[in-house]
Amino acid sequence: MAAKKHETEVEGGGRFDAVLEHILIHYRWVFVLLLLPLSLVYDALLYVRTWVVFQLSSAPGKHALKVQRVADQVKQWKAEGGRVPMCTARPTWQTMSFRHSNYKKTFFTVNLNLVDILELSAEKRTVRVEPLVTMGQLTATLDPLGWTLPFVPELDDLTVGGLVMGTGVETSSHKYGLFQHICVAYELVLADGSTVQVTKESDPDLFYAVPWSYGTLGLLTAVEIQIVPALRFVKLQYDPVHSLDEAVAAINRLLALQDNNEFVEALMFSKDEGVVMTGNMVSCADWGKLNEIGRCYKPWFFEHVRTFLKTGPAVEYIPLRDYQHRHSRSLFWEIKEIIPFGNNVLFRYLFGWMTPPKVSLLKLTQTQAVKKLYENNHIIQDMLVPIETLKDAVLFFDKEVEVYPLWLCPFRLPSEPGMLQVPKDSMYVDIGVYGVPGKQGFQPKETTRRIEAFVAKAKGFQMLYADTYTTREEFRKMFNHSLYDKVRARLKCEKAFPEVYDKVCRKARD
Ligand SMILES: Cc1cc2nc3c(=O)[nH]c(=O)nc-3n(C[C@H](O)[C@H](O)[C@H](O)COP(=O)(O)OP(=O)(O)OC[C@H]3O[C@@H](n4cnc5c(N)ncnc54)[C@H](O)[C@@H]3O)c2cc1C
Ligand SMILES: NC(=O)C1=CN([C@@H]2O[C@H](COP(=O)(O)OP(=O)(O)OC[C@H]3O[C@@H](n4cnc5c(N)ncnc54)[C@H](OP(=O)(O)O)[C@@H]3O)[C@@H](O)[C@H]2O)C=CC1
Ligand SMILES: CC(C)=CCC[C@@H](C)[C@H]1CC[C@@]2(C)C3=C(CC[C@]12C)[C@@]1(C)CC[C@H](O)C(C)(C)[C@@H]1CC3
């Protein structure tokens with residue numbers, strides 16, 4: 001009798017879980033709608049803080065003191081015997097990586113309260129910033145002053161520290177390379193508690209080893225980044241293509257004319273249909289063709305781009321900052337899984353001003369059910385492959401996952417020492433795959449393993465903010481560790497920081 005009651009209770013509990021799971025998966029938007037005002041409040045608080053700091057003009061002056069506090073924490077770690085390795089104390093829900101990092105619970109965490117823009121030098125054409133400065137903060141500050149970054153990885157909340165220690169790529173990367181290639185100096189606190197300023201000239205080994213090191217060589221406390229003059233608009237040309245060959249030929253043609261276009265990007269909406277976009281900054285707009293895509297009531301950018309498949313080639317003028325953050329409001333196209341009716345015109349006019357939900361709050365409030373859903377029915381990957389393999393790669397992704405839109409973003413990879421060592425300057429392309437696979441039988445691990453094998457064979461690289469299932473050996477083969485190992489030994493990092501693999505592998509992320 002008791003057993004029967006227990007069974008009924010378990011069954012009842014199971015049914016309740018199933019209903020809850022159903023609600024959380026299919027009506028996630030209800031919870032997300034509640035998050036929208038919260039996101040606004042969160043943004044407003046950050047804004048007030050920035051405003052106060054700016055009014056008091058105290059940020060640059062306090063930098064040295066803040067760095068000293070970081071160094072003191074490292075010294076404290078040493079004094080306590082350095083029992084566990086160190087990492088930053090930035091809570092993992094605040095980051096733009098797909099998952100939470102397990103090691104934050106057990107490592108010695110170092111607080112870095114480094115959120116300020118320190119100095120803009122028009123003469124040197126550089127801006128010096130602290131690592132927690134975000135892309136949104138930088139464009140909001142620089143653009144009105146007539147300067148901007150050579151390229152802006154577009155999600156507003158990406159941080160300079162994350163982009164240096166990981167990587168960043170955008171539509172002018174075909175000219176400027178990855179985020180590391182527009183950085184000219186790093187300030188780091190090392191494992192022994194000392195602070196160093198590193199440039200190509202002062203310490204080439206450490207300078208080239210920092211990018212892709214994921215905070216495993218030292219703690220970054222400032223970065224000097226190149227800037228370029230900003231003009232008010234981007235004149236953007238949309239060219240629809242109706243076969244993959246046409247798309248590949250168009251991209252190659254554009255890359256051959258490299259200096260003619262500042263921005264090059266393509267969205268494929270199927271294997272055979274896409275829109276290639278090219279743009280340049282201009283100071284005046286043809287007002288009849290002005291499109292302020294950043295306005296909250298405007299359609300999601302990728303849906304807007306899709307319309308050119310039907311209407312044919314066109315030109316538009318887009319305000320610079322709207323262009324730089326064009327995929328932010330729709331989180332590329334991930335928002336359609338989160339607020340399915342978000343592109344509805346009524347929703348845009350009524351609630352658009354509150355979107356997008358903050359990725360950090362989405363991450364913080366993600367339930368087990370949603371996590372499982374993403375785990376089993378979703379793929380998020382960026383694969384960096386040589387441009388010569390673009391056609392094969394798109395066909396391969398089509399065969400394996402069939403996820404569209406597909407983001408194609410060409411980038412220059414100079415032959416430099418470091419994790420991404422290539423024998424000569426090369427052109428690569430980032431293929432971004434974000435969404436629900438159209439292919440039946442998608443198995444997250446097995447499919448990703450096959451994709452990783454394809455990328456490794458093509459001499460490509462995997463971006464590491466998403467899942468990697470590579471083994472340590474495969475990982476070491478994909479990324480050249482020779483300089484990294486040498487610098488780690490020199491700086492006595494073995495006890496202070498884990499290896500990159502131990503921070504990014506699937507086991508380290510929950
Ligand atoms: C001459 C000048 C000097 C400035 N000097 C400094 C300075 O010394 N230190 C400094 O921090 N700012 C400085 N600012 C930044 C200024 O306050 C920015 O305009 C502000 O960061 C962006 O707010 P916004 O409302 O214009 O843009 P919004 O579009 O509202 O914000 C842009 C994005 O930045 C994010 N954001 C805003 N503030 C912060 C923050 N503090 N931390 C993280 N994310 C944030 C928002 O969440 C949003 O995603 C300066 C600006 C100017 C014009
Ligand atoms: N367009 C693009 O290029 C896009 C890029 N991304 C990816 O997103 C990630 C950036 O996200 P974000 O939230 O900014 O960064 P994260 O906080 O996720 O940081 C990424 C890594 O950098 C390390 N790191 C960050 N700051 C410091 C520092 N000051 N000192 C030492 N180590 C540091 C972190 O170490 P720890 O674990 O110790 O905190 C972590 O391993 C990058 O990996 C990037 O490739 C994502 C979307 C778009
Ligand atoms: C190199 C480039 C351009 C990368 C673009 C990557 C974006 C598409 C990624 C970055 C962060 C990202 C992984 C994220 C998600 C979607 C894809 C994003 C936006 C979401 C919002 C999907 C829903 C999830 O429940 C959760 C909230 C955890 C994540 C958070 C991070």
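We count ligands from 1, going down the list as the structure has it; atoms in each ligand are counted the same way. Keep in mind that what you see is a predicted model, and the values were worked out from it rather than measured.
Ring pair F179/F151 is perpendicular by interplanar angle, where above 60° counts as perpendicular and below 30° as parallel. Taking the six-membered ring where the residue is Trp, F332 and W407 present perpendicular rings, their angle passing 60° and hence far from 30°.
Polar contact check, L220 against ligand 2: a nitrogen or oxygen pair lies under 3.5 Å apart. When only interatomic distances are considered, the shortest N/O to N/O separation between R90 and ligand 2 falls below 3.5 Å. Inclusion of C87 in the set of residues having an N or O under 3.5 Å from an N or O of ligand 2 is not warranted. Residue M96 has at least one N or O atom closer than 3.5 Å to an N or O atom of ligand 2. Annotation: T88 places an N or O atom under 3.5 Å from an N or O atom of ligand 2; distance criterion only. Checked against a 3.5 angstrom limit, the closest N/O atoms of E170 and ligand 2 fall outside it. No N or O atom of E154 sits closer than 3.5 Å to an N or O atom of ligand 2.
Near D430, meaning under 4.0 Å from one of its heavy atoms, ligand 3 places the atoms 1 (C). Proximity to L219 (heavy-atom distance under 4.0 Å) selects the following atoms of ligand 2: 30 (N), 31 (C). Interface atoms of ligand 3 facing I380, defined by a heavy-atom separation under 4.0 Å, are 16 (C), 17 (C). For ligand 3, the atoms sitting less than 4.0 Å from at least one non-hydrogen atom of W407 are 3 (C), numbered in the order shown with element in parentheses. Shown in contact with M463 at under 4.0 Å from a heavy atom are these atoms of ligand 3, numbered in order with element: 1 (C). Heavy-atom contacts of F332 reach the following atoms of ligand 3: 3 (C), 5 (C), 8 (C) (cutoff under 4.0 Å). Near V359, meaning under 4.0 Å from one of its heavy atoms, ligand 3 places the atoms 30 (C), 31 (C). Ligand 2 places these atoms under 4.0 Å from at least one heavy atom of L112: 28 (C), 29 (N). Near G168, with a cut-off below 4.0 Å to any heavy atom, the atoms of ligand 2 are 3 (O).
Residue-ligand proximity: Y103 is placed with a non-hydrogen atom under 4.0 Å from ligand 2. Put simply, part of Y465 is less than 4.0 Å from ligand 3, judged by heavy atoms. Within the structure, ligand 2 has G218 among the residues with a heavy atom less than 4.0 angstrom away. Heavy-atom distances between S97 and ligand 2 reach below 4.0 Å in at least one pair.
A donor and an acceptor atom, one from each side chain of Q462 and E452, are located under 3.5 Å apart. Side chains of K66 and T221: a donor-acceptor N/O pair is absent below 3.5 angstrom, by distance only. Side-chain atoms of T448 and Q381 form no donor-acceptor pair, as typed in the model, at a separation below 3.5 Å. A donor atom on one side chain and an acceptor atom on the other are not found under 3.5 Å apart for D116 and H63. No hydrogens or angles considered: a donor-acceptor pair under 3.5 Å links the side chains of K104 and T88. A donor-acceptor pair shorter than 3.5 Å can be found between the side chains of E334 and H378.
Nearest to atom 21 (C) of ligand 2 by heavy atom, out of Y465, F497, Y214, is Y214. Distances from atom 35 (O) of ligand 2 to the heavy atoms of E187, H327, K503 show the closest one on K503. Taking only non-hydrogen atoms, the option from H378, Q366, M96, E337 nearest to atom 10 (C) of ligand 3 is M96. Looking at V189, V169, V504, L188, it is V169 that brings a heavy atom closest to atom 2 (C) of ligand 2. The option with the heavy atom closest to atom 23 (C) of ligand 2, from among M165, K104, M463, M135, is M165.
Nearest protein heavy-atom contact of atom 45 (O) of ligand 2 is T167 O, 2.5 Å. Shortest contact from atom 4 (C) of ligand 2 to any protein heavy atom: L158 CD1, 3.8 Å. Closest to atom 32 (N) of ligand 2 among all protein heavy atoms lies G215 CA, 3.2 Å. When only non-hydrogen protein atoms are considered, atom 14 (O) of ligand 2 lies nearest to T159 OG1, 2.6 Å. Atom 42 (C) of ligand 2 has as its closest protein heavy atom G162 O, 3.5 Å.
Here Y186 contributes atom OH and L206 contributes atom CG; the two are 9.5 Å apart, rounded to the nearest 0.5 Å. With rounding to the nearest 0.5 angstrom, the CZ atom of R306 is 14.5 Å from the OH atom of Y238. L155 contributes atom CG, which lies 13.5 Å from atom CZ of R329 (distance to the nearest 0.5 angstrom).
Side-chain atoms of E130 come within 3.5 Å of backbone atoms of V115 as a donor-acceptor pair (strictly under, hydrogens ignored).
The ring pair (Phe, Tyr, Trp, His ring centres under 6.0 Å) test applied to H481 returns F475, Y484, not counting sequence neighbours.
Counting heavy atoms under 4.0 Å from ligand 2, residue L132 does not touch it at all. The side chain of P131, and not its backbone, has at least one atom closer than 4.0 Å to an atom of ligand 2 (non-hydrogen atoms only; side chain from C-beta on). Contacts with ligand 2 closer than 4.0 Å are made by no heavy atom of Q94, backbone or side chain.
Put simply, the residue from F269, Y434, W333 that forms a ring pair (Phe, Tyr, Trp, His ring centres under 6.0 Å) with F302 is W333.
Note on D398 versus K439: no salt bridge recorded, every NZ/NE/NH1/NH2 to OD/OE distance being 4.0 Å or above.
The shortest distance between side-chain heavy atoms of R412 and S173 does not fall below 4.5 Å.
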Which atom pairs, one a donor and one an acceptor, fall under 3.5 Å between side chains of residues 68-75 and the rest of the protein, sequence neighbours left out?
from : atom 1 : to   : atom 2 : distance (Å)
Q68  : NE2    : D72  : OD1    : 2.9
Q73  : OE1    : N111 : N      : 2.8
Q73  : NE2    : R69  : O      : 3.3
Q73  : NE2    : N111 : O      : 3.0

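Taking both residues in full, the closest heavy atoms of S360 and Y42 are given as OG-CE2, 4.0 Å, listed atom of the first, atom of the second, then distance.
H327 has its ring centre less than 6.0 Å from the ring centre of F301.
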